[in-house]
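Since the structure is predicted, the reported quantities are computational estimates derived from the model, not experimental observations. Letters A, B, ... are given to chains in the order of the sequence lines, protein chains preceding strands, and every chain is numbered from 1.
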Amino acid sequence: MRKWTSEIGDEDVGRDVTVYGWIHEVRDLGGLIFLILRDREGFIQVTLPRKKVPPDTFDVAKKVKRESVVKVVGIVKREPKAPQGYEITPRVIEVLNESVVPLPLEVTEKVPAELDTRLDHRFMDLRKPRIQAIFRIRHNILQSVRNFLSEHGFIEVNTPKIVSTATEGGTELFPISYFEKEAFLNQSPQLYKQILMASGFDRVFEIAPIFRAEEHNTTRHLNEAISIDIEMSFTDHHGVMKILEGLIVRVYEDVFERCEKFLKWMDVELEIPSLPFERIRYDEAVEIAEKRGEEVPWGEDLTTPALKVLAEEIGDIHYFIVDWPTECKPFYAMPYKENPKVCRSFDLMKGALELASGTQRIHRYNELVESMRAKGLNPDGFEFYLEAFRYGMPPHSGWGLGLERLLMSMLNLKNIREATLFPRDRHRLTP
RNA sequence: GCCCGGGUGGUGUAGUCCGGCCCAUCAUGCGGGCCUGUCGAGCCCGCGACCCGGGUUCAAAUCCCGGCCCGGGCGCCA
C-alpha cells in the first residue's frame, strides 16, 4: 500500500508499506546502511542491516546516489532510535531515476546557498522542506481567501491580462505585440472589476498576475506578482476596509490551524492580529515621520525611510493609513466633498511594508472624466471603461492586496523572491 | 536607474588592504577504503576553483579601466 511518510503510524507496524521519494541522505556504516527518504510530507528512515535484507537490495543501497528517486517496499518497525519513531526494513529498493552528482546545491542545507544560486536551481531548492512549506502555506492562504470572500457574497472572476493602450498612466507597462496591434500586459484589473460593478455582480474578486515594468530592484518588488483584488458595490472605503481586515485575520487563523507542521518546518511563530486594525490618517503619519526627522512634503507618497520610522513608532503590526492626498492616488479615487484635496483612500500596512491599497471609486461619469483630465490622462483612450459609467454605475469601492507581500510578512521572509516559485525581477527571466 | 559593497572548486568560504611566501585555506560534496544504530555519523587517501575583456608590472586572485552579474540602501512603484 502506498503511503506518504507522514501517514506511517502504529497501524503499519509489522506490515508492508510502499513509499516513494528522494534519497535525502545516506549513512553507510559498512554492514549497516541508513537511507533517509524524503517525500512531500517529511522523512522516513530506511534501515538495512546486511544480514536482514536481500543482498541485491543491500547493493542498491550501497550504490544509490543522493536525490535519486526511489520506490521502497518493506516492513515497518517501531524504533525509538529512528528519527521519526518508525523505520522501514526494505525488501525491495527500486531506483526509479538516478540523480547526477554533484548537486547544484545542498538539499540538506549543511552548506548554505545564496538566494541567487537557489533561484537558478529552484526545483532543487524547493526540495527543502523549509522552502516547500512556504508554498504549502501559500496554498492555504489562497484557499482561505476564496472561502472568506465567497462566504461574503463575492464571485470569483478573471479579467484580461492582455490589454489595449492607456490604462491608468503612471506605472510602466510591458508592451507586447498582438497580431497587427500593439498591446500591453495588464498592471491591475482595476478598470475591469469596476466595469463589472456596472454589470450588477455587486461583489467580485480576482486572484491573478499583474505586470509592472518598473526598473525597481528591491527585496519587496516583483515585475510579475499575484494580486488579490476585490470590488464591492453600495459601500464606501470603510466597508471594504472591514472586509480586508476581516480577511487578514481569517487567513492568519486558518494558516495557524491548518499549517502547524509547515510553520514548524519554517520555525515561524504565528501571531494572529486582532480586530479592528488601527487607523491613522496620512496627516498623522507625516507628522510622526517628521518628528523623527523624515521630511515628507504634504501631497507626496510616504518615502521608504518615513515608513520605516513610522513602523518603529507604531510597531510591526497591521494598520491602515487612511485619507491620502488626492494628488498621490489614482484618478478613480473619490475625493471628500468637504475637502477635495483628500480622498477616500487607504493603504494596509504590516510594519513598514505596504500590503494593500484601496479606495472608494468615483462612480459619476462627469467627475471621473474631470479627474482623468486633472491627472493628465486622455479620456478618449478609456471609452471602453467610461461607457460603463453612463448607464447606471452604482457607488463602489475596492482594493488590491499583494499575495507575495502577504506571504512574506506572515512568514518573516526577508526577500519577496522567497515568496514566489519562479520570480520575475529586473534581471531574472529564467527559470 | 543612483550610491556603497562584492564575484575564488558543485555549494558556502579564507586569502585581496600592503602584487612574489598561493601550482590558493577550510567546510561540505564527489571518488576510493575501513566500519552493524546512524540521526550534521566517524576515521584514512584522493579530486575539484580565482566572472569576462583590456591594461600596468620581471611577476596579478590581489593594482587600474570597461562589461556582465550578485548583495545592501535608496529612488521609481495608479
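Taking a pair to require two hydrogen-bonding distances under 3.5 Å in either a Watson-Crick or a G-U wobble arrangement, B/rG19 remains unpaired.
Regarding A/Leu119, its CG atom lies at a distance of 14 Å from the C1' atom of B/rC69, rounded to whole Å. Spacing between atom CD1 of A/Ile33 and atom P of B/rC39 amounts to 16 Å, rounded to whole angstrom units. Atom C1' of nucleotide B/rC77 and atom CD of A/Glu215 are separated by 12 Å, given to the nearest angstrom. Regarding A/Glu354, its CD atom lies at a distance of 15 Å from the C1' atom of B/rG75, rounded to whole Å.
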Under 4.0 Å protein heavy-atom contacts per nucleotide of nucleotides 48-53 of chain B, with B for base, S for backbone only and - for none: ------

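Surrounding NZ of A/Lys242 are at most 12 heavy atoms belonging to other residues, nucleotides or ligands under 6.0 Å away. Atom NZ of A/Lys264 has 12 or fewer neighbouring heavy atoms from other residues, nucleotides or ligands inside a 6.0 Å radius.
Counting only residues at least two apart or on different chains, no ring-ring contact (aromatic ring centres under 6.0 Å, His included) pair has a member in residues 411-431 of chain A.
Centroid-to-centroid, the aromatic rings of A/Phe211 and A/Phe174 stay 6.0 Å apart or farther.
For a distance-only test at 3.5 Å, the side chain of A/Glu114 fails to qualify as a donor-acceptor partner of the base of B/rU11.
Base contact: A/Lys51 has a heavy atom under 4.0 Å from a base atom. Residue A/Glu25 is in sugar-phosphate contact alone, with no base atom involved, counting any heavy-atom pair closer than 4.0 Å across all strands shown. Base contact: A/Ala82 has a heavy atom under 4.0 Å from a base atom. Counting non-hydrogen atoms under 4.0 angstrom, A/Pro83 reaches a base of the nucleic acid. Across all strands, A/Asp28 comes closer than 4.0 Å to base atoms (heavy-atom distances).
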